Amino acid sequence: MGTSAKDAEEQRAPPSPSPTPDVLPEYHLYRRRWVGLCAITLLNVVSGMALVWFGPIANDMVIEFGFTLDQINWLGNVVNLIYIPSSIILPYLNGRLGTRGTCYIGGVLFVVSAWVRYAGTTRSLSVNGAYTLIVLGQILAGLSVPVFQVIVPSYSQKWFDLKGRTTATMIMGVANPVGNAVGQLIPPLIASPRQSLLVMAIIFTAAAPVVFLVGEAPPTPPTYSGGQKHPSLSSLARAMSGRTPRDDYTYMSMRQRIDFAIVTLVFGVLVGVINAFTLLTAQHLEPYGYSDTVSGLMGAVLLLVGLIAAAVTSPLYDRVLTHHLAFSAKLFCPVMAACWLALIWEIRPNNEIVLFVLMAVIGAIGLTLLPAVLELAVELTRNPDGSSAILWASTNLFGLICVLAEGSLREGPNANPPLNLHRAVIFQGVFVTAVVALVYLLEGKQTRRAVDEEMSAALARTSRSLDASGRTNVEVREVQDERPSDEMQPVRDVEKQDERTVVP
């Protein structure tokens, strides 16, 4: 059957204006982008510690504070729970206050949450009083997590070009899981849970001033999409419901709406299960004779091996696999599902080597796909803040569901071994496998990249035409800025040693 005019319109990418001699855009790269990237990365590392800090020392917390294991689990659950509404509000705040103003709020939450949490270690407090303060500190920390996590794709789009955007998203995007790894490693190494909360307070307070290094948008964007108006979460809701005009930059076809729903579900489940497992690592492994230290190392290996894999693969996504984000998800997701299934049989006594290998494979694939999927979501929606908020909210929702479900599947004290989570491991393996099957329904058309490439090619053609006619050629340059980005003016005459043409 032939394709109807309506179907053809549905598949059409949003129109992009071509540059003309009268309106010739300039695209600049500013070296200061790396300062903001490093700042957001560090802030995400620190914020990622709050979720898993109590997991590796759960049994020690029970002994020292008198809490139950379920109460310890809720110290992580509450971070996931508060993340969901706060991540939905974040795009609105970012639109009203800008990237820098939003980060200031996160810095204040860092300091307040750190010392409220530490106040719960006062020995004169009752068990309920101590728990209330620690939970309150975790709630405030949970409010700060999406501040630095949701803005990652938006910052990459504002400051980086096509050859560095995925790498930038990788560096900032995997920082939160790296924080999870650090949060797994540090607590078991400290003498007592009370002292570990003091160390945590010092880390959060020391990191807060880094927010002053995060810049707003550059005066001249690096790409066409980087210069577009900041879309809101309501804009994404209109696009998903089919109420956006077809000539709008954020218009989504029916195929793109289905793809984004699939991406949200698969990303949410895969990352949520990883978060749940890292939170419950000690409870999964200690019934089989593994120590707190080994449990912490298992979670750390999962995340740190993933960091190395993501560092290797993200430049490939930027320069080699630029048009294959969806294909990589179809290739790697089944391998991850197989690893989760394998844990059903491999979590047993004296099996450290196999478990470390499985954790390493899950981490390598998971963090390799993380920046690719975040970028794919923006490709589908052209809405970096909105898509990132939805994706990260889904991970926290499914992480919370998994923690609650797995806690309810814990065996009793008379089981062999007592209090084991074998049924929970079966649940997570089957759950992941069922959801991963949906990835093969994904088309994953990269509309944003197509528009950016079209604009860059048109600019290059127009620039060559002007140069041939004897008029001044316009290039895309990397500019060495000496003032904060929101105070700089666009630079057109740059010294030769500070130029780098990035348009072919």
Side-chain angles (χ1 to χ4, degrees), residues 48 52 55-56 170 173-185 266-282 284-285 288 290 293-317 321 324-374 395 398-399 402 406 421-422 424-440:
V52 299
M170 179 278 297
V174 303
N176 187 273
V178 170
N180 294 162
V182 176
Q184 291 265 328
L185 283 172
V266 174
F267 184 82
V269 170
L270 290 181
V271 179
V273 167
I274 290 175
N275 287 344
F277 187 83
T278 55
L279 188 64
L280 300 176
T281 302
H284 275 289
L285 299 179
Y288 295 93
Y290 299 101
T293 302
V294 172
S295 299
L297 286 173
M298 290 281 184
V301 164
L302 185 153
L303 295 162
L304 294 179
V305 170
L307 173 65
I308 297 171
V312 172
T313 56
S314 288
L316 296 178
Y317 279 121
L321 303 174
H324 301 289
L325 299 181
F327 174 77
S328 64
K330 295 176 183 179
L331 182 65
F332 290 125
C333 282
V335 179
M336 183 185 291
C339 290
W340 285 114
L341 285 174
L343 287 175
I344 297 173
W345 297 276
E346 298 302 336
I347 295 183
R348 50 190 171 85
N350 304 315
N351 199 31
E352 292 94 337
I353 295 177
V354 174
L355 290 176
F356 273 118
V357 170
L358 288 174
M359 293 299 102
V361 174
I362 290 172
I365 294 175
L367 292 193
T368 291
L369 289 177
L370 189 148
V373 175
L374 287 174
T395 67
F398 284 111
C402 288
E406 292 180 25
L421 287 171
H422 181 68
V425 179
I426 296 174
F427 162 76
Q428 69 186 14
V430 174
F431 188 32
V432 168
T433 303
V435 171
V436 159
L438 296 175
V439 79
Y440 291 103

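All values derive from a computational prediction rather than experimental measurement.
- Here the shortest heavy-atom pairing between Tyr290 and Leu285 reads CD1-O, 3.1 Å.
- In this structure, the side chain to side chain contact (heavy atoms under 4.5 Å, CB included) partners of Val335, at least two apart in sequence or on a different chain, are Val361, Ile365.
- The two residues Ala309 and Thr368 have their closest heavy-atom pair at CB-OG1, 3.5 Å.
- Side chains of Phe332 and Val436 form no contact here, defined as non-hydrogen atoms less than 4.5 Å apart.
- Residues meeting the side chain to side chain contact (heavy atoms under 4.5 Å, CB included) test with Leu367, sequence neighbours left out: Val174, Pro177, Ala310, Leu370.
- By the side chain to side chain contact (heavy atoms under 4.5 Å, CB included) test, Val425 is found to be paired with His284, Leu343, Ile344, Ile347, Gln428, residues two or more places apart in sequence or in another chain being considered.
- Between atom CG of residue Leu421 and atom CD of residue Glu406 there is a gap of 7.0 Å, rounded to the nearest 0.5 Å.
- Every residue meeting the side-chain hydrogen bond (donor to acceptor under 3.5 Å, both in side chains) condition with Glu346, not counting sequence neighbours, appears here in chain and number order: Arg348, Asn351.
- By the ring pair (Phe, Tyr, Trp, His ring centres under 6.0 Å) test, Phe398 pairs with no residue at all, sequence neighbours left out.
- Closest heavy-atom contact between Val305 and Ala364: CG1-CB, 4.2 Å.
- In this structure, CE on Met359 lies 4.0 Å from CZ on Phe277, to the nearest 0.5 angstrom.
- To the nearest 0.5 Å, atom CZ of residue Phe267 and atom CG of residue Leu369 are 9.5 Å apart.
- Taking the ring pair (Phe, Tyr, Trp, His ring centres under 6.0 Å) definition, one finds that Phe431 meets it with Phe427, sequence neighbours left out.
- Residue Asn275 holds its CG atom at 7.5 Å from CG of Asn176, rounded to the nearest 0.5 Å.
- To the nearest 0.5 angstrom, Leu302 atom CG is 12.5 Å from Leu297 atom CG.
- Counting all heavy atoms, side chain and backbone alike, Gly399 lies closest to Ala276 at O-CB, 4.0 Å.
- Taken to the nearest 0.5 Å, the CD1 atom of Ile353 stands 12.0 Å off from the CG atom of Leu358.
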Test side-chain contact (heavy atoms from CB on, under 4.5 Å) on Trp340 and Ile362 and set out the steps.
CA-CA 8 Å; Trp340 285 114; Ile362 290 172; 3.8 Å; yes
